[in-house]
Protein chains: 2
Amino acid sequence: MHNYIRKRRKERHLSQDMLAQKANVTRQTINAIENAKYDPSLALAFKLATILETTVDQLFTKSEDEND
Amino acid sequence: MHNYIRKRRKERHLSQDMLAQKANVTRQTINAIENAKYDPSLALAFKLATILETTVDQLFTKSEDEND
DNA sequence: TATATATGTAAAATATCTTTTACATAAGGA
DNA sequence: TCCTTATGTAAAAGATATTTTACATATATA
C-alpha cells in the first residue's frame with residue numbers, strides 16, 4: 001500500500017506529532033506509516049482519513065508491486 | 001467497524017470459502033470478519049472491496065460505539 | 001440413511017501493528 | 001551558542017490479525 005498521508009498532513013500544516021495526537025496514536029506510528037514501515041489498522045486508516053478530510057480509498061492506493 | 005461483507009458476498013452468490021480463495025485467505029478469516037471478531041488488515045480490506053466490486057469506504061463503516 | 005456443502009467456533013502458533021523509551025540529526029530563532 | 005521543534009530510527013513488550021487443524025451443526029439431495 002502507498003499512501004498520501006504526508007502530503008495531506010503537510011497541506012494542513014500538521015506535524016507528525018499533531019496528527020498523532022488527533023488520531024490518538026504515537027508519533028512513531030505516524031512516522032512508520034508515512035515511511036511505509038507498515039500499514040495502519042483499518043480503524044486507524046479511517047480515523048486518519050477523517051482527520052485529513054478525505055476517504056480511505058483516496059488516502060491509500062495499492063502499490064505497484066502488490067502481489068494480488 | 002461494521003461491514004457489509006456478508007451482504008455483498010451473498011448478493012454475488014459466493015460462499016465464505018469462495019470469497020476466501022479469491023482473497024487468498026482462509027475461510028475462518030472471512031467468517032471472523034463477517035462476525036466482527038476482528039477487523040481485516042487494510043490490505044485485505046482493499047482486496048475484499050475489489051472482489052466485491054465496491055470501495056473500502058462503502059464496505060466498512062465506523063460502528064456506533066466506536067470511541068473516537 | 002448417507003454424502004456434500006455452508007457455516008460457526010476454538011486453541012495454539014505465527015505474523016503484523018502499536019506503544020514505550022530512548023537516542024540521533026537538522027533547521028530555526030533567541 | 002543554546003534551546004526548541006520536527007523528523008528518523010531502534011529494540012522490547014504488548015495488542016491484534018491470520019493460519020492451521022479440528023470438530024460441530026444445519027440443510028439439501030441422492
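In what follows, chains are A, B, ... by sequence order, proteins preceding strands, each numbered from 1.
Atom CZ in A:Phe60 sits roughly 12 Å away from atom P in C:dC17 (whole-Å rounding). Atom-to-atom, CG of B:Asp17 to P of C:dG8 comes out at 13 Å; the value is rounded to the nearest Å. One can place CD1 of B:Ile33 at 12 Å from C1' of D:dT19, the figure rounded to the nearest angstrom. One interatomic measurement links the two molecules: CD of B:Gln21 to P of D:dT19, which rounds to 13 Å at whole-angstrom precision. The nearest whole Å value for the distance from the CE atom in B:Met18 to the C1' atom in C:dA4 is 14 Å. Rounded to whole Å, atom P of D:dA17 lies 13 Å from atom CD1 of B:Ile5. Between the P atom of D:dA15 and the NZ atom of B:Lys37 lies a distance of 20 Å, rounded to the nearest Å. Between the CG atom of B:Leu42 and the C1' atom of D:dA17 there is a distance of 13 Å, given to the nearest Å.
Backbone-only engagement by B:Asp39 is indicated by non-hydrogen atom pairs under 4.0 Å involving sugar-phosphate atoms exclusively. Residue contacts for B:Asn35: at a heavy-atom cut-off of 4.0 Å it reaches the sugar-phosphate backbone alone, with no base atom in range. Heavy atoms of A:Thr29 sit under 4.0 angstrom from at least one base atom.
At D:dT5, none of the side-chain N or O atoms of A:Arg27 fall inside 4.0 Å of OP1 or OP2 (strictly under the cut-off). A close approach under 4.0 Å does occur between a side-chain nitrogen or oxygen of A:Ser41 and OP1 or OP2 of C:dT18. Between B:Thr26 and D:dT19, a side-chain N or O to OP1/OP2 separation shorter than 4.0 Å is present. Look at A:Arg9 and you won't find any side-chain N or O under 4.0 angstrom from OP1 or OP2 of D:dA6. The shortest distance between the side-chain N/O atoms of A:Asn31 and the OP1/OP2 oxygens of D:dG8 is below 4.0 Å.
In terms of polar N and O atoms assigned as donor or acceptor, the side chain of A:Glu34 never comes within less than 3.5 Å of the base of D:dT7 in a complementary pairing. Below the 3.5 angstrom threshold, one finds no donor paired with an acceptor across the side chain of B:Gln28 and the base of C:dT7.
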From CA spacing to verdict: side-chain contact (heavy atoms from CB on, under 4.5 Å), B:Phe46, B:Ile51: CA-CA 9 Å; B:Phe46 269 91; B:Ile51 294 168; over 6 Å; no

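Residues A:Arg6 and A:Asn35 have side chains in contact (heavy-atom distance under 4.5 Å, counting atoms from C-beta outward).
Without hydrogens or angle criteria, B:Asn3 side chain to B:Glu34 main chain gives no donor-acceptor distance under 3.5 Å. The closest donor-acceptor contact from the side chain of A:Asp57 to the backbone of B:Val56 lies under 3.5 Å.
Contact check on A:Arg12 versus A:Glu53 returns a salt bridge, with a Lys/Arg side-chain nitrogen under 4.0 Å from an Asp/Glu carboxylate oxygen.
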